[in-house]
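Taking it in order: structure first as structure tokens, then the write-up.
The chains referred to below are lettered A, B, ... by the order of the sequence lines, with proteins before strands, and numbering in each begins at 1.
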Number of protein chains: 2
Amino acid sequence: MLDAAVDAFAERGFGGTSTRDVAVRAGRSPAAVYVHYDSKEALLYAISLEGHMAALDCLKLAYASSEDPAARLHAMVFAFSDWHMENARLARVVQYELHALSKVHRADIVSLRRRFHRVMVGAVRDGIRAGQFQVDDVNGTARALLSLCIDLVRWFDPARGRNSRAIAQLNADLALRMVGDV
Amino acid sequence: MLDAAVDAFAERGFGGTSTRDVAVRAGRSPAAVYVHYDSKEALLYAISLEGHMAALDCLKLAYASSEDPAARLHAMVFAFSDWHMENARLARVVQYELHALSKVHRADIVSLRRRFHRVMVGAVRDGIRAGQFQVDDVNGTARALLSLCIDLVRWFDPARGRNSRAIAQLNADLALRMVGDV
DNA sequence: GTCTATATGTTGATAGAC
DNA sequence: GTCTATCAACATATAGAC
């Protein structure tokens with residue numbers, strides 16, 4: 001059911017998807033949605049929460065994968081780019097459907113999202129402290145690094161068989177240039 | 001009426017917006033929408049077409065603003081970033097609601113979109129030819145440069161009064177690093 | 001061109017049988 | 001938990017008066 005909703009929301013947007021679309025994709029009756037979820041919005045919240053936690057885990061894991069600032073940042077941008085391509089439909093819902101959440105649920109998710117920024121800022125600061133990165137605007141640069149990864153969900157289509165490894169590799173290489181890695 | 005639709009689509013998405021929402025925002029009756037547009041989708045197409053042409057003009061103008069590859073690329077990324085912030089709501093509809101267009105209209109817009117890529121590829125090649133840029137993957141790098149600008153529409157909110165000039169400046173500076181400007 | 005009124009289908013969500 | 005059946009509200013779009 002969750003999978004069906006992810007597919008539908010990613011394809012048509014939350015507003016463009018009916019609970020019937022979701023149910024039909026899951027091979028169930030329209031009423032079956034409401035056995036597990038109180039509302040269409042609750043379904044989106046469940047997806048958004050799961051997706052954000054998975055993406056955050058991915059980013060943190062990459063952060064912890066190395067002690068060297070350059071290798072660390074490279075790993076983070078590679079992994080985060082890769083996650084957005086390997087989980088393209090989920091990632092799209094995660095990144096584009098925040099507006100459809102209730103006020104309370106949105107606040108929850110927004111606070112989760114701040115952590116992505118904090119982790120990336122940490123990685124950039126590590127490199128500056130080690131004398132390896134040359135960055136003036138730490139917050140802005142961290143934002144740009146995340147943008148590079150996140151924007152993949154706008155156009156990347158797994159069905160078109162593009163080489164996601166090569167794209168992740170390029171993004172990671174560009175990231176090191178962006179921080180003035182020396 | 002177009003303005004009202006841009007606001008509504010940007011805020012709730014195409015699927016999440018009713019023609020009544022649009023009409024009410026424009027201070028008209030629900031039927032008034034159909035005097036000028038055949039359908040809700042035709043309204044989106046008009047917005048999308050106008051938005052894409054304006055954005056493309058902006059990018060081409062910046063391309064023509066300088067002969068020096070570095071200054072040219074800097075101007076392009078600055079202008080394109082700035083456009084996405086100064087026209088945040090329109091830009092959001094332009095970038096996120098392609099999926100809601102009819103097959104024919106979408107094909108129209110997609111062919112327009114290829115031009116953005118071509119212009120950016122041209123700018124990168126100019127710098128390589130002049131010996132100023134060091135880039136292996138021209139297509140991928142051009143894609144990443146556009147990503148940096150486009151992803152602004154996901155989070156930038158004009159109402160929050162952030163310094164859009166500083167953000168455009170940072171993006172432009174990062175762009176020169178990404179192409180290995182020497 | 002604008003409106004009111006309305007046709008016709010779809011929507012989110014519920015009731016109650018099995 | 002799943003279904004069928006259904007409700008009340010809402011959707012897109014049209015008709016016809018002014």
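Listed pair A:S18 / C:dT11 meets the phosphate criterion, a side-chain N or O lying under 4.0 Å from OP1 or OP2. Checking the phosphate oxygens (OP1, OP2) of D:dT14, no side-chain nitrogen or oxygen of B:Y34 falls inside 4.0 Å. OP1 or OP2 of D:dT12 lies within a sub-4.0 Å distance of a side-chain N or O belonging to B:T19.
Under the salt bridge (Lys or Arg N to Asp or Glu O under 4.0 Å) criterion, no residue pair touches residues 62-71 of chain A, with sequence neighbours excluded. Listed by first and then second residue, the salt bridge (Lys or Arg N to Asp or Glu O under 4.0 Å) pairs that reach into residues 100-121 of chain B come to none, sequence neighbours excluded. Pairs engaging residues 155-167 of chain A under the side-chain hydrogen bond (donor to acceptor under 3.5 Å, both in side chains) rule: A:E86-A:S164 [sequence neighbours left out]. Contacts classified as salt bridge (Lys or Arg N to Asp or Glu O under 4.0 Å) and involving residues 121-134 of chain B (residues at least two apart or in different chains) are given here: B:R72-B:D126, B:D126-B:R129. Judged as a side-chain hydrogen bond (donor to acceptor under 3.5 Å, both in side chains), the pairs with a partner in residues 23-35 of chain B (not counting sequence neighbours) are, in order, B:E11-B:R25.
Side-chain contact, B:D181 with B:H74: no donor N or O sits under 3.5 Å from an acceptor N or O. Using a 3.5 Å distance cut-off with no hydrogens or angles, the side chains of B:H99 and B:E97 do pair a donor with an acceptor. In summary, the side chains of B:H84 and B:D151 do not present any donor paired with an acceptor at a separation below 3.5 Å, with no hydrogens or angles considered.
Through direct or indirect side-chain contacts shorter than 4.5 Å among Ile, Leu, Val, Met, Phe, Trp and Tyr, B:V35 is connected to no other residue. Through chains of ILVMFWY side-chain contacts below 4.5 Å, A:V153 is grouped with A:Y96, B:Y96, B:V153.
DNA chain C is contacted by no residue of residues 39-48 of chain B, taking any non-hydrogen atom closer than 4.0 Å. Contacts of residues 7-15 of chain A with DNA chain C (heavy atom under 4.0 Å): none. Against DNA chain D, the stretch residues 97-104 of chain B makes no heavy-atom approach under 4.0 Å.
Closest approach of B:H117 to B:N139, counting heavy atoms only: NE2-OD1, 2.9 Å.
The backbone N or O of A:A8 lies less than 3.5 Å from a partner atom in the side chain of A:T17, making a donor-acceptor pair. A donor-acceptor pair is defined here as one N or O able to donate and one able to accept, closer than 3.5 Å; such a pair exists between the side chain of A:K40 and the backbone of A:F14.
Here the CD1-CG distance, from B:I167 to B:L152, works out to 6.5 Å after rounding to the nearest 0.5 Å.
Using cut-offs of 30° and 60° for the angle between ring planes, the A:Y45 and A:H105 rings count as parallel.
The bend of the helix from C:dG1-D:dC18 to C:dC18-D:dG1, defined by the angle between the axes of its first five and last five pairs, stands at 0° to the nearest 10°.
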Which protein N or O atoms sit under 3.5 Å from an N or O of nucleotides 2-5 of chain D?
{"residue": "D:dC3", "atom": "OP2", "partner": "A:S29", "partner atom": "N", "Å": "2.7"}
{"residue": "D:dC3", "atom": "OP2", "partner": "A:S29", "partner atom": "OG", "Å": "3.0"}

